[in-house]
A.B. asks: 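The structure under discussion is supplied below as structure tokens; questions concerning it will follow.
Computed from a prediction, not measured in an experiment: that's the story for all the values here. One is the number of the first residue; the rest follow in order along the sequence.
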Amino acid sequence: CLKKSSLFSLPIFLLYFSIILSFNNGVNASHKVFPGLQSTSTVDEKNVHRTGYHFQPPKNWINDPNAPMYYNGVYHLFYQYNPYGSVWGNIVWAHSVSTDLINWIPLEPGIYPSEVFDKYGTWSGSATILPNNKPIILYTGIVDAKNTQVQNYAIPANISDPFLRKWIKPDNNPLIVADVSINKTQFRDPTTCWLGQDGYWRTLIGSVWGKQGLAILYKSKNFMKWTKIQHPLHSVDGTGNWECPDFFPVLLHGTNGLDASYNKKNIKHALKVSLDVTRFEYYTVGIYDTKKDRYIPDKTSIDGWKGLRLDYGNYYASKSFYDPSKNRRIMWGWANESDTVNDDVKKGWAGIQTIPRKLWLDPSGKQLVQWPVEELETLREQKVQLSNRKLKKGDKIEVKGITPAQADVEVTFSFSSLDKAEPFDPNWDNLYAQDVCAIKGSTVQGDLGPFGLLTLASQNLEEYTPVFFRVFKAQDKYKVLMCSDASRSTLKNDKTMYKPSFAGYVDVDLINKTLSLRSLIDHSVVESFGAGGKTCITSRVYPTLAIYDNAHLFVFNNGTETIKIKSLNAWTMGKPKMNWSFGHSSY
């Protein structure tokens with residue numbers, strides 16, 4: 001392995017630009033600069049909150065997943081990485097490969113600042129497989145200290161290398177430069193390209209003009225010369241900057257995925273954007289008019305801050321790709337830390353990649369569904385089961401026989417009647433689900449709920465992170481609230497630590513009077529999937545008592561109506577093989 005100094009010369013540049021923090025999900029923006037800490041080595045490294053089966057390098061800062069792809073039998077994951085410290089800065093494209101999405105081999109960084117067109121930064125991008133089976137990456141380069149952003153490309157140095165270790169950046173970069181109508185300091189994250197029936201490639205680049213979020217559309221006949229379409233593919237007033245756009249087709253029926261260029265009958269398209277202001281991931285489902293090069297969201301899809309989210313918790317900068325080996329679309333997402341910058345420096349690491357998720361269109365056609373990739377199940381070890389256990393008001397049952405700090409839990413709840421569902425306050429229509437969860441938390445007695453799981457719990461419940469449902473009766477329908485509440489997750493008394501009550505509503509038919517929940521618990525992260533993946537919430541938590549063997553898992557009910565555990569399956573999760581010693585010294 002090369003020493004750091006021989007890998008490349010990476011000067012530290014200060015990229016000062018305004019980040020709006022008023023609705024930023026309590027998480028430091030991925031481009032927030034900490035000049036004094038960018039190259040700070042570990043002061044007091046602690047592994048108590050390191051994950052066991054999530055993707056996470058041994059040390060330092062990571063953020064956005066970049067250009068995930070499947071190529072010649074190998075999965076590739078690039079991601080933003082600081083080789084020298086545990087805060088954002090010095091960013092390179094770290095690179096790992098896998099044959100199963102679970103066990104990974106790290107390689108040397110694939111892309112890093114080295115040329116005039118990316119001297120000040122190599123930011124996010126996407127991969128496209130060209131018709132001749134040659135991969136190409138589009139990425140954002142920073143060209144000066146004013147944060148001017150351009151779009152570059154990179155290609156493998158040796159296409160016969162099964163791991164595609166080396167990438168080169170040809171001299172004809174940059175391929176795309178902002179014209180005078182574009183905010184050149186907010187012009188980034190090109191999408192996977194798709195080939196239209198007219199023979200032109202297209203890609204989207206996220207941007208903003210004033211407060212209007214934009215998905216700027218470019219097209220090219222030969223992939224080298226790109227022309228901006230006069231109008232954006234889509235734009236929305238009042239949302240702020242759009243980062244990490246993603247645009248892809250989805251089948252109306254079934255769970256199979258589609259290549260980005262697929263555009264035949266019986267499909268819709270999904271447009272996902274990461275909102276720089278709120279630090280959440282929003283998406284709509286709609287129609288792509290290929291003749292007009294316009295995307296039109298369905299009337300059932302709300303455009304903006306009140307719209308659907310991929311995940312209602314700590315989940316950002318996601319990127320999807322088509323996996324032809326199993327006919328599926330897979331989504332990667334980043335979960336940043338919710339503790340403090342000083343904590344990250346002491347730990348020596350910050351950020352994880354969430355478990356990759358298969359993604360498809362719900363049969364209703366109104367929303368996407370996400371579920372952990374099936375390969376994750378190969379890590380399941382000890383198993384315990386419960387069934388037909390009643391939970392009366394105030395009851396809790398401990399799930400024993402597994403390792404609660406590192407577990408996979410699937411549970412289906414049932415109830416006898418909806419008649420006692422508590423009324424939904426019409427004033428809550430003006431609130432976000434997260435606000436309602438803060439009002440109606442897990443300790444607030446209801447009628448039909450709250451019921452669910454108490455994860456990463458201490459024996460006497462001084463600490464716990466509840467993931468739960470509560471059913472309300474609105475005027476003409478039932479509303480199901482799903483919460484993942486970090487407010488009681490730690491005894492650490494630090495007012496700067498972010499401990500939100502994340503929440504989202506679950507659009508589910510209750511005709512069978514059942515609700516299902518799956519939670520992936522991994523020391524400092526709880527990824528939860530409600531109703532088969534219709535609503536997903538990721539929480540980052542930092543218990544002080546509920547750690548290692550002192551963590552517990554309970555099933556609970558704080559509603560007046562009796563709930564039945566119809567079935568519960570829980571597994572201890574093993575650790576994947578992460579051969580970091582095989583990789584580069586910067587890891």
A.B. asks: So does His523 get a backbone contact from the side chain of Gln406, meaning a donor-acceptor N/O pair under 3.5 Å?
C.D. replies: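 Absent.
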A.B. asks: So His552 and Phe554, would you call those rings parallel, tilted or perpendicular, with 30° and 60° as cut-offs?
C.D. replies: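 Ring orientation of His552 relative to Phe554: parallel.
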A.B. asks: His95 and ring pair (Phe, Tyr, Trp, His ring centres under 6.0 Å): which partner among Phe78, Trp104, Tyr81?
C.D. replies: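 Only one option passes, and that is Phe78.
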A.B. asks: Assert yes or no for the condition that the ring centre distance of Tyr79 to Trp334 is strictly below 6.0 Å.
C.D. replies: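 Between Trp334 and Tyr79, which both carry aromatic rings, the centre distance is not below 6.0 Å.
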A.B. asks: Which residue, Lys347, Lys492, Lys346, forms the side chain to side chain donor-acceptor pair (under 3.5 Å) with Asp339?
C.D. replies: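 Single side chain to side chain donor-acceptor pair (under 3.5 Å) partner of Asp339 among Lys347, Lys492, Lys346: Lys347.
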A.B. asks: Kindly say whether Arg540 contributes a backbone atom to a donor-acceptor pair with the side chain of Asn314 at under 3.5 angstrom?
C.D. replies: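 No; judged by distance alone, with no hydrogens or angles, the pair does not exist.
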A.B. asks: Indicate the atoms forming the closest heavy-atom contact of Thr340 with Met497, along with that distance.
C.D. replies: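 What the structure gives for the nearest pair is CG2-N, 4.4 Å.
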A.B. asks: Can you name the one residue among Asn63, Thr140, Asn66 that meets side chain to side chain donor-acceptor pair (under 3.5 Å) with Ser124?
C.D. replies: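 Going through the options one by one, the only one that passes is Asn66.
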A.B. asks: Should we count NZ of Lys326 as having more than 12 external heavy atoms under 6.0 Å?
C.D. replies: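 Yes, enclosed.
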A.B. asks: Just by distance, do the side chain of Gln56 and the backbone of Thr51 share a donor-acceptor pair under 3.5 Å?
C.D. replies: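 Yes, Gln56 side chain to Thr51 backbone: donor-acceptor pair under 3.5 Å.
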A.B. asks: Just do the side chain to side chain donor-acceptor pair (under 3.5 Å) check on Tyr139 and Asp118 with the steps written out, would you?
C.D. replies: CA-CA 10 Å; Tyr139 72 96; Asp118 65 9; 2.7 Å; yes
A.B. asks: Does Lys577, at its NZ atom, have more than 12 non-hydrogen atoms belonging to other residues, nucleotides or ligands within less than 6.0 Å?
C.D. replies: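 Atom NZ in Lys577 is not packed in, count stays at 12 or less.
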A.B. asks: Count the heavy atoms of every other residue, nucleotide or ligand shown that sit under 6.0 Å from CG of Asp549, and state whether that count exceeds 12.
C.D. replies: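 Atom CG in Asp549 is not crowded, with 12 or fewer foreign heavy atoms closer than 6.0 Å.
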